[in-house]
Amino acid sequence: MTVRPWCALLGSLVLALVGAGCVGTPIPQPPALDPPDADLIRHEDFGTFAQLVGEAGAVVPGATLWAVNLDGTLDPETTVAEADGSFMLSFFAIPGHEVRVQARDGDDRSRPVDLLVPRGEVVRATEGCLALEPALEVRLAAAVAVGASETRVVRVSNRCAGEAVFDVTLRRPSDAWRVVTPGPFSVPSGGAADVEVAFAPLSAGLHEEIVFLALSAPALDRRPITLSGEGR
């Protein structure tokens with residue numbers, strides 16, 4: 001068997017790096033799924049109930065559409081997209097409510113997308129100058145034992161012209177997630193602050209909730225972050 005010269009060279013380089021104990025900073029991976037297309041999703045009333053309706057191409061075919069009303073306290077709803085990427089999902093919301101949707105397929109997830117009922121993507125007033133890291137979702141990679149606790153930090157960097165003032169609240173009470181650092185926070189222009197949340201599951205399984213950064217300055221705004229962890 002003949003080994004091509006460039007293959008041998010590449011293999012030598014890999015072995016050399018491994019042997020030298022090459023260590024690097026992990027590079028965040030982009031979401032594995034395309035996000036739902038806000039332009040192809042609408043909210044419709046049908047008498048006594050309502051639906052989220054996605055046209056063909058709205059979601060990755062065969063993926064699960066996950067949706068939660070950011071202005072309500074009900075559990076998220078899910079449905080599986082058709083082969084053409086369309087879907088229909090019974091879902092309670094009224095005009096002016098915001099709905100967060102996400103495509104999911106096993107462990108793969110898309111970027112969350114926030115929709116304004118009845119149609120269109122939400123535009124956040126501070127998105128251009130108040131940077132959150134992570135910006136949309138805190139997801140624990142490994143399961144946490146029941147009775148144990150893990151904490152995560154959301155870094156808030158204020159690049160706005162004025163002071164940022166905000167409080168931190170959960171969408172609804174949770175027996176698994178809590179806010180560790182109570183607000184309100186005041187972050188000067190050019191400054192930064194850390195918001196800490198903790199995951200301490202009381203039961204096995206997936207536990208998800210939404211945490212809000214509710215801003216009163218430099219503009220009225222609300223920045224939602226999905227919290228997702230599994231207990232074992």
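In this chain, residues are counted from 1 in sequence order. Hydrogens, waters and symmetry mates are skipped; everything else that's a heavy atom, side chains included, is used.
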Checklist entry - So, does Asn158 use its side chain to make a donor-acceptor pair with the main chain of Leu130 at under 3.5 Å? => result no
Checklist entry - Side chains of Glu137 and Ser228: do they bring a donor and an acceptor to under 3.5 Å? => result no
Checklist entry - With a 4.0 Å cut-off, would you call Glu55 and Arg42 a salt bridge? => result yes
Item to check | Connected via hydrophobic side-chain network under 4.5 Å: Val99 and Val68 | outcome: no
Checklist entry - Without hydrogens or angle criteria, can the side chains of Glu196 and Thr151 be said to hold a donor-acceptor pair below 3.5 Å? => result yes
Next on the checklist: Just so I know, are the side chains of Val195 and Phe166 near enough to count as touching, which here means a heavy-atom distance under 4.5 Å?
Outcome noted: yes
Next on the checklist: Within the 3.5 Å criterion, strictly below it, is a donor on Thr73 or Arg171 matched to an acceptor on the partner's side chain?
Outcome noted: no
Checklist entry - Do Ile225 and Ile210 have side-chain heavy atoms sitting under 4.5 Å apart? => result no
Checklist entry - Less than 4.5 Å apart, any side-chain heavy atom of Leu215 and any of Val165? => result no
Next on the checklist: Please tell me whether Ser189 and Arg159 have a donor and an acceptor in their side chains that are separated by less than 3.5 angstrom.
Outcome noted: no
Item to check | Check: Gln102/Arg104 side-chain N/O donor and acceptor closer than 3.5 Å | outcome: yes
Next on the checklist: Could you check whether Glu133 pairs with Arg152 (Lys NZ or Arg NE/NH1/NH2 to Asp/Glu carboxylate O, under 4.0 Å)?
Outcome noted: no
Next on the checklist: Salt bridge check, Asp114 against Arg124: does any charged N sit closer than 4.0 Å to a carboxylate O?
Outcome noted: yes
Next on the checklist: Below 30° counts as parallel, above 60° as perpendicular, anything between as tilted: where do the rings of Phe91 and His43 land?
Outcome noted: perpendicular
Next on the checklist: Apply side chain to side chain contact (heavy atoms under 4.5 Å, CB included) to residues Arg139 and Asp107 and explain how you reach the verdict.
Outcome noted: CA-CA 11 Å; Arg139 185 183 180 197; Asp107 289 334; 4.0 Å; yes
Next on the checklist: Could you check whether any side-chain N or O of Asp108 sits under 3.5 Å from a backbone N or O of Leu33, counting only pairs where one atom can act as donor and the other as acceptor?
Outcome noted: no
Checklist entry - Does Asp167 come within less than 4.0 Å of Arg222, counting only side-chain N to carboxylate O? => result no
Next on the checklist: Quick check: do Leu213 and Leu132 have side-chain heavy atoms less than 4.5 Å from each other?
Outcome noted: yes
Checklist entry - Atom CG in Leu89, atom CH2 in Trp66: separation rounded to 0.5 Å? => result 12.0 Å
Checklist entry - Can you tell me how far the CG atom of Asp45 sits from the CD1 atom of Ile94, to the nearest 0.5 Å? => result 10.0 Å
Item to check | Criterion side-chain hydrogen bond (donor to acceptor under 3.5 Å, both in side chains) on Glu77 and Ser90, from CA distance to verdict | outcome: CA-CA 8 Å; Glu77 300 284 353; Ser90 294; over 6 Å; no
Checklist entry - Salt bridge or not for Arg232 and Glu150, using N-O below 4.0 Å? => result no
Item to check | Matching residue for His207 among Leu202, Leu140, Asp175 - test: side-chain contact (heavy atoms from CB on, under 4.5 Å) | outcome: Asp175
Next on the checklist: Count I, L, V, M, F, W, Y as connected when their side-chain heavy atoms are under 4.5 Å apart, and connections chain through other members. Are Val138 and Val113 then in the same cluster?
Outcome noted: no
Checklist entry - Do Pro36 and Ile41 come within less than 4.5 Å of each other through their side chains, counting heavy atoms only? => result yes
Next on the checklist: For Asp194 and Val154: C-alpha separation, side-chain torsions, deciding distance, then whether side chain to side chain contact (heavy atoms under 4.5 Å, CB included) applies.
Outcome noted: CA-CA 6 Å; Asp194 289 335; Val154 176; over 6 Å; no
Item to check | Transitive ILVMFWY side-chain link Leu115 to Leu136, under 4.5 Å | outcome: no
Checklist entry - If you group Ile, Leu, Val, Met, Phe, Trp and Tyr by side-chain heavy-atom gaps below 4.5 Å, do Val101 and Val117 land in one group? => result yes
Next on the checklist: Do Trp177 and Val197 have side chains that approach each other closer than 4.5 Å (heavy atoms only, starting at C-beta)?
Outcome noted: yes
Next on the checklist: Would you compute the distance between atom CZ of Arg119 and atom CG of Leu52 and round it to the nearest 0.5 angstrom?
Outcome noted: 11.5 Å
Checklist entry - Got Glu163 and Pro218 here, is their nearest side-chain heavy-atom distance under 4.5 Å? => result no
Checklist entry - Is Arg100 reaching over with its side chain to a backbone N or O of Pro224, donor-acceptor style, under 3.5 angstrom? => result yes
Next on the checklist: So Val80 and Phe87, do their side chains get closer than 4.5 Å, heavy atoms only?
Outcome noted: no
Item to check | Stepwise side chain to side chain contact (heavy atoms under 4.5 Å, CB included) test for Thr181 and Val168 | outcome: CA-CA 8 Å; Thr181 46; Val168 185; over 6 Å; no
Checklist entry - Between atom OG1 of Thr169 and atom CZ of Arg172, what is the distance when rounded to the nearest 0.5 Å? => result 14.0 Å
Item to check | Gap between atom CG of Asp71 and atom NE2 of His97 - 0.5 Å precision | outcome: 5.0 Å
Checklist entry - In Å and rounded to the nearest 0.5 Å, what is the CZ to CG distance from Phe92 to Leu74? => result 7.5 Å
